[in-house]
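Note sheet for the following structure.
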Amino acid sequence: MRQVQTAVLERDTTFVSDFATEPYEVAWAGEARWFVHTLATSGDDAEVRLVTQISPDGLTWCDLDGEEHVITEPGLVTWPVDHFGQWLRLRGTVTGGRPVRQTAHLSHGQELRTAADF
């Protein structure tokens, strides 16, 4: 049986410079997926660069794999995350000096084994 949960870490939030989302503990999860919905960008030169970060304790952070996800226009983007350990969050950088409005969801889950699996 599959168990999945989705958390909203940012809702219609305006970013204008470097930022990090609220951290979320996912120690029980075996897989996760980010959904980032860019609601609006201001100007043609607005750009957001997002990197998944991990933490063993929710206090100190490092980039998971260095892979950047670049957003230049409104819309929904998604990417999977694995081998993450205890905590997840997004680190973002807004360039172009223009505000960007975004919502960030983190879906995470695991495959639960039933008695029939054994």
Side-chain angles (χ1 to χ4, degrees):
M1 178 183 2
R2 192 159 173 71
Q3 184 179 28
V4 178
Q5 185 176 37
T6 299
V8 179
L9 301 183
E10 300 293 338
R11 184 185 313 263
D12 197 6
T13 305
T14 300
F15 299 108
V16 294
S17 61
D18 294 348
F19 66 92
T21 64
E22 290 293 319
Y24 199 79
E25 187 173 15
V26 290
W28 63 270
E31 58 187 27
R33 177 170 284 276
W34 287 108
F35 292 90
V36 178
H37 187 187
T38 301
L39 305 169
T41 58
S42 301
D44 294 335
D45 58 348
E47 180 179 89
V48 182
R49 294 180 175 275
L50 298 170
V51 175
T52 300
Q53 288 196 311
I54 58 174
S55 171
D57 55 13
L59 301 172
T60 54
W61 296 90
C62 65
D63 294 349
L64 174 62
D65 55 14
E67 184 177 344
E68 280 191 329
H69 302 273
V70 180
I71 300 170
T72 58
E73 59 188 26
L76 182 67
V77 297
T78 183
W79 63 91
V81 182
D82 57 13
H83 300 93
F84 45 80
Q86 301 291 91
W87 293 80
L88 288 173
R89 76 175 184 182
L90 287 177
R91 176 179 57 81
T93 301
V94 178
T95 59
R98 307 274 189 179
V100 174
R101 285 181 32 231
Q102 290 186 319
T103 296
H105 295 82
L106 177 62
S107 290
H108 52 92
Q110 69 176 352
E111 193 73 32
L112 295 179
R113 300 184 98 171
T114 64
D117 294 330
F118 296 101

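- Applying the side-chain contact (heavy atoms from CB on, under 4.5 Å) rule to Glu47 yields the partners Arg49, Val70, Thr72, Thr95; only residues at least two apart in sequence or on another chain are considered.
- Remark: His105 NE2 to Tyr24 OH distance equals 12.0 Å, nearest 0.5 Å.
- Among residues two or more places apart in sequence or in another chain, the side-chain contact (heavy atoms from CB on, under 4.5 Å) test is passed with Glu31 by Arg2.
- Listed for the Thr41 side chain is no donor-acceptor partner under 3.5 Å among the backbone atoms of Val100.
- Separating the CD atom in Glu10 from the OG1 atom in Thr21 is a distance of 6.0 Å, to the nearest 0.5 Å.
- Rounding to the nearest 0.5 angstrom, the gap separating the CD1 atom in Ile71 from the NE2 atom in His37 is 10.0 Å.
- With rounding to the nearest 0.5 angstrom, the CZ atom of Phe35 is 9.5 Å from the CG atom of Leu106.
- Here the straight-line distance linking atom CZ of Phe84 with atom NE2 of His108 works out to 8.5 Å at 0.5 Å rounding.
- Note: Trp28 CH2 to Gln5 CD = 5.5 Å, rounded to the nearest 0.5 Å.
- When all heavy atoms of Pro74 and Ala40 are compared, the closest pair comes out as CG-CA, 4.2 Å.
- Scored by the side chain to side chain donor-acceptor pair (under 3.5 Å) test, Ser107 finds Thr6 as partners (sequence neighbours excluded).
- Val48 places none of its side-chain heavy atoms less than 4.5 Å from the side chain of Phe15.
- Screening residues 46-68 for ring pair (Phe, Tyr, Trp, His ring centres under 6.0 Å), with sequence neighbours left out, gives no hits.
- Annotation for Leu9 and Glu22: closest pair CD1-O, 3.6 Å, computed over non-hydrogen atoms.
- Between Trp87 and Pro23, the shortest heavy-atom distance links the atoms CE3-CB, 3.9 Å.
- Nearest heavy atoms, Glu67 versus Asp65: N-OD1, 2.9 Å.
- Applying the salt bridge (Lys or Arg N to Asp or Glu O under 4.0 Å) test to residues at least two apart or on different chains, the pairs with a partner in residues 90-105 are Asp12-Arg101, Asp45-Arg98, Asp63-Arg91.
- Heavy-atom minimum distance, Gly58 versus Ser55: N-OG, 2.7 Å.
- Nearest heavy-atom pair across Gly92 and Leu50 is CA-CD2, 3.8 Å.
- Both Val36 and Phe19 belong to a common hydrophobic cluster when Ile, Leu, Val, Met, Phe, Trp and Tyr are linked at side-chain heavy-atom distances under 4.5 angstrom.
- Contacts of Thr52 classified as side-chain contact (heavy atoms from CB on, under 4.5 Å), with partners at least two apart in sequence or in another chain: Trp34, Leu64, Trp79, Val81, Leu88, Leu90.
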